[in-house]
Amino acid sequence: MKKLHAVISRYVFDLLAFIGGTPLIPVFLRWRYFSLLGVRFQGASRLSQGVLFHGNSISFGPLCVVSPGVFFDASAPIDIGERVHIASM
């Protein structure tokens, strides 16, 4: 039963994380939305539309910017420092 619960929890997180990367969540509120899902922020950051998360063991320092199309696979913890800008090619 625990395993089933973990699988369902993972799918629910992935669905909510996908919704967070859509225009349904305004850019200026997106970091707060993801913080409700367990992603840690040390201050306001800007996450563009199309940012995807798999897992929530991610920590952002203050004033980070993440451009569209970035995918974070948090199968291991990810720590991002202060004022870091991340973009995809």
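One hydrophobic cluster, built from ILVMFWY side chains closer than 4.5 Å, holds both Val84 and Phe34. Residues Leu16 and Ile25 share a hydrophobic cluster, clusters being chains of Ile/Leu/Val/Met/Phe/Trp/Tyr side chains in contact below 4.5 Å.
With sequence neighbours excluded, no residue satisfies side-chain hydrogen bond (donor to acceptor under 3.5 Å, both in side chains) with Asn56. Leu15 pairs by the side chain to side chain contact (heavy atoms under 4.5 Å, CB included) definition with Ile19, not counting sequence neighbours. Val70 pairs by the side chain to side chain contact (heavy atoms under 4.5 Å, CB included) definition with Val66, Phe72, Ile86, Ser88, not counting sequence neighbours. Residues meeting the side chain to side chain contact (heavy atoms under 4.5 Å, CB included) test with Pro77, sequence neighbours left out: none.
Here the side chains of Pro62 and Glu82 are in contact, with some heavy-atom distance below 4.5 Å. The shortest distance between side-chain heavy atoms of Ile78 and Phe53 does not fall below 4.5 Å. The shortest side-chain heavy-atom distance between Ile80 and Phe41 does not fall under the 4.5 Å cut-off.
Taken from CG in Leu29 to CG in Leu24, the straight-line distance is 12.5 Å, to the nearest 0.5 Å. The line from CD1 of Ile58 to CG of Leu37 is 10.5 Å long, rounded to the nearest 0.5 Å. Taken to the nearest 0.5 Å, the CZ atom of Phe60 stands 5.5 Å off from the CG atom of Leu47.
In plain terms, the two heavy atoms of Gly61 and Cys64 that are nearest each other are O-SG, 3.2 Å.
Counting heavy-atom neighbours within 6.0 Å of Phe71 CZ, excluding the residue itself, gives a total above 12.
Listed by first and then second residue, the side-chain hydrogen bond (donor to acceptor under 3.5 Å, both in side chains) pairs that reach into residues 25-48 come to none, sequence neighbours excluded. Judged as a side-chain hydrogen bond (donor to acceptor under 3.5 Å, both in side chains), the pairs with a partner in residues 6-15 (not counting sequence neighbours) are, in order, Asp14-His54.
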